[in-house]
Student: 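Take this structure, written in C-alpha cells, and hold onto it; I'll ask about it next.
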Amino acid sequence: MYYKMTQPDFEELIEKAHGRFLNNHRLIVVANVVGKTPKRDQEQPDSDFFSPEEVEQITRSLAEAKIPYEILTSEMAFNRSVLDGNITKAHDIVWNLTRQGGPGSKKSLVTSLADFNHIPYIGSSVEAMSICRDKNSFERLIKPVNASIPTYTISEPANFAGKRQIILKNASGSASIGLSDTSVHQLSAIEVNQQLEQSKGTKIAEQFIQGFEVEVPVFKVETSKARYFKALSPIGIKFGNMRLLNLKVLSESISDAYDYQFYSLFDELVNQTTLDAGLIESRLIHQACKIAEYLNLSNYARIDFRVTLNGDSYCFDIATTPYVIRHSSPVWGAKKLNLDQAELIAAILGTAD
C-alpha cells in the first residue's frame, strides 16, 4: 500500500537535508543554461536548457534553504572539477540537472562520471534514466502495474482489426517533443507498421488514450525499517479551462511556452458523479510508486498518465529529473501543502541516500 505525501513527510526530509548539508557537505548543481552552456549538438533547442531566470529560481531557493552549493553550467566543467580534485566523494553531493548527450546517454553524462568516481548524487542511475527515456522499454517493464499503453515498434508490429486512434512519438526522449494536435491519427495495423518502417526505428506508435492528462510526483522517504516511495495527489494539466483533453495533447510548442496550468485531479473527479474520486486517486498513487520501484528509480521522479472517463489510467512518460522550477507540478503540489519552492528543493535533497 502506498500513501500520499504529507506536510510532516516533507518536514522530515527537510530536516534530513539540513543535517547532512550543514555537516561539512556541499551540493554541486550541474545544469545546462541558455547563453552559458556550450552545446554539444547545435541542433538541440534552447528549450532543453534552463533559462537564466529558472536557474536563479533554483539558486535562490538553495540560499533560502541555507544549503551550501556551487553551480556548474556544463558537463565538461563538472568533469574538470572532478579531475582536478575540487569535487570529492567525502564532502560533495551532486544534483544533476543537465540535458546533453547522445540518444542513449542524454542527461546521464554527469552521473556516469559520478558513478565512476564513487561521488554520491541525487537522482536515478544511468541505467534507470536510459530505460525511462526508451518508451517501449519502460512500457514493457511496467506491464505488471496494469498501467502500460499498447505500444507498437518495428520489432513488435501492430496486429489489430479495424482502425484505432494512434499517436506516433519519438522512440526516446521527452513525451512532448515533436507532438502537436495533428499527431493523432485513425490508422489500421498495416498503416501503423508502414509508418514505423518509414521511421527506421526513430518512432514508436501508441494507442492514443483520450481523457485527462495527469502528473504524479513521487519522493523516496525513509522509516526505521525501509525506504519507499510516496506521492503527491495527482495533478492535472489543463489548457485554459479545458481539463478533459480528449484528442488534444501537451504539444512541444505548448510545453516549451509553459502555456498550460495545473489543477487537482481529485477535486475535478469529485464533480464527476459516475467516478469514485478517492479510489482513482489512491490507484494512481499506488501505480506511480510501484512504477518507480519497478524501474529502480531513486530519490524523486514524476510519473505521467492519461486517465479515461472510466477511471482507467495509462502511463505514457517518466521524468527521472523533473523540473522543479516555479511552473512545475511538483512545486504546484507542494504549494497545496503550504510548502514553497525552497522547501520542496530542500526536501528533494533530503531524499539523498
Side-chain angles (χ1 to χ4, degrees), residues 10 13-33 36-37 48-52 54-82 86-101 105-126 128-129 132 217-222 227 292 297-302 319-326 328 330-331 334 339-353:
F10 279 112
L13 290 173
I14 292 168
E15 183 178 353
K16 182 181 176 185
H18 285 153
R20 168 168 284 185
F21 286 98
L22 298 181
N23 186 24
N24 202 28
H25 275 82
R26 175 182 58 160
L27 181 70
I28 304 297
V29 183
V30 194
N32 301 137
V33 185
K36 294 185 178 181
T37 304
D48 269 4
F49 288 9
F50 289 94
S51 70
E54 289 168 345
V55 168
E56 186 181 351
Q57 288 180 28
I58 292 172
T59 56
R60 190 186 308 123
S61 294
L62 291 170
E64 288 179 16
K66 296 181 173 57
I67 301 294
Y69 72 92
E70 178 180 347
I71 187 158
L72 302 173
T73 57
S74 74
E75 293 84 349
M76 286 305 297
F78 175 74
N79 291 352
R80 284 193 297 270
S81 291
V82 172
N86 296 324
I87 297 175
T88 68
K89 62 182 181 181
H91 299 296
D92 295 310
I93 299 174
V94 176
W95 191 16
N96 174 34
L97 302 177
T98 58
R99 294 288 190 272
Q100 296 197 97
S105 63
K106 195 174 181 183
K107 301 185 180 183
S108 62
L109 298 179
V110 167
T111 47
S112 296
L113 190 65
D115 273 333
F116 184 77
N117 289 277
H118 306 289
I119 299 169
Y121 57 84
I122 294 160
S124 293
S125 68
V126 174
M129 284 194 286
C132 290
V218 297
F219 305 87
K220 206 162 209 180
V221 300
E222 185 173 10
R227 284 172 58 80
L297 303 187
S298 303
N299 306 120
Y300 74 115
R302 195 195 70 228
T320 53
T321 52
Y323 278 148
V324 288
I325 58 174
R326 194 171 297 125
S328 66
V331 171
L339 298 159
D340 60 23
Q341 186 182 20
E343 290 169 316
L344 172 68
I345 287 175
I348 289 170
L349 303 182
T351 66
D353 296 334

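These figures come from a predicted structure and were not determined experimentally.
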Student: For the CD1 atom of Ile87 and the CG atom of Asn79, what is their distance to the nearest 0.5 Å?
Tutor: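 Going from CD1 on Ile87 over to CG on Asn79, the span is 9.0 Å.
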Student: I would like to know whether Gln100 and Asn32 meet side chain to side chain contact (heavy atoms under 4.5 Å, CB included); could you show each step before the answer?
Tutor: CA-CA 8 Å; Gln100 296 197 97; Asn32 301 137; 3.6 Å; yes
Student: Nearest 0.5 Å, what's the CG-CZ distance between Leu339 and Phe10?
Tutor: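 Answer for the CG-CZ pair, Leu339 versus Phe10, is 6.0 Å.
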Student: Between CG of Asp92 and CD1 of Ile119, what distance do you get to the nearest 0.5 Å?
Tutor: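 Interatomic distance, Asp92 CG to Ile119 CD1, rounded to 0.5 Å: 7.0 Å.
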Student: Taking Thr320 for the side chain and Ser124 for the main chain, is one N or O donor matched with an acceptor at less than 3.5 Å?
Tutor: no
Student: Looking at every heavy atom in both Leu297 and Ala128, which two are closest together, and how far apart are they?
Tutor: CD2-CB, 4.0 Å
Student: Can you name the closest pair of heavy atoms from Ser298 and Gly123 and give their distance?
Tutor: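 That would be CB-O, 3.4 Å.
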Student: Under the side chain to side chain contact (heavy atoms under 4.5 Å, CB included) rule, what do Leu27 and Leu349 come out as? Steps first, then yes or no, please.
Tutor: CA-CA 9 Å; Leu27 181 70; Leu349 303 182; 3.8 Å; yes
Student: Between the side chain of Ser74 and the main-chain N/O of Ala77, is any donor-acceptor distance below 3.5 Å?
Tutor: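 Such a contact is found between Ser74 side chain and Ala77 backbone.
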Student: If you look at every heavy atom in Ala292 and Val218, which pair is closest and at what distance?
Tutor: CB-CG2, 4.2 Å
Student: Leu344 vs Val331, test: side chain to side chain contact (heavy atoms under 4.5 Å, CB included). Steps then yes/no.
Tutor: CA-CA 7 Å; Leu344 172 68; Val331 171; 3.6 Å; yes
Student: Ignoring hydrogens and angles, state whether a donor on the side chain of Asn299 or Tyr121 is under 3.5 Å from an acceptor on the partner side chain.
Tutor: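 No donor-acceptor contact under 3.5 Å links the two side chains.
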Student: In terms of side-chain geometry, is the basic nitrogen of Arg227 or Asp353 positioned less than 4.0 Å from the acidic oxygen of its partner?
Tutor: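 A salt bridge links Arg227 with Asp353.
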Student: Got Tyr300 and Thr321 here, is their nearest side-chain heavy-atom distance under 4.5 Å?
Tutor: yes
Student: Between side-chain atoms of residues 61-72 and protein atoms elsewhere (two or more places apart, or another chain), which donor-acceptor pairs fall under 3.5 Å?
Tutor:
{"residue": "Ser61", "atom": "OG", "partner": "Gln57", "partner atom": "O", "Å": "2.9"}
{"residue": "Glu70", "atom": "OE1", "partner": "Arg26", "partner atom": "NH1", "Å": "2.8"}

Student: State, with a plain yes or no, whether a side-chain heavy atom of Ile93 is found less than 4.5 Å away from one of Phe21.
Tutor: yes
Student: Salt-bridged, Lys16 to Glu222, with N to O below 4.0 Å?
Tutor: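 Salt bridge between Lys16 and Glu222, a charged N being under 4.0 Å from a carboxylate O: yes.
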Student: Just verifying a value: how many Å separate Tyr323 OH and Arg302 CZ, rounded to the nearest 0.5 Å?
Tutor: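 Spacing of OH (Tyr323) from CZ (Arg302) equals 10.5 Å.
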Student: For side chain to side chain contact (heavy atoms under 4.5 Å, CB included), just list the numbers for Val82 and Leu113, CA-CA rounded to whole Å, side-chain angles, deciding distance to a tenth of an Å, and then say yes or no.
Tutor: CA-CA 9 Å; Val82 172; Leu113 190 65; 4.1 Å; yes
Student: Locate the shortest heavy-atom distance separating Val94 from Phe78; write the atom from each residue and the value.
Tutor: CG2-CE1, 3.6 Å
Student: Are Trp95 and Ile28 side-chain neighbours, meaning at least one heavy-atom pair lies under 4.5 Å?
Tutor: no
Student: Is there a donor-acceptor pair closer than 3.5 Å between any side-chain N or O of Gln341 and the backbone N or O of Val324?
Tutor: yes
Student: Determine the minimum heavy-atom distance between Val126 and Ser112, stating which atoms define it.
Tutor: CG2-OG, 3.4 Å
Student: Report yes or no: does Arg20 contribute a side-chain atom to a donor-acceptor pair with the main-chain N or O of His18 at less than 3.5 Å?
Tutor: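 It does not hold such a pair.
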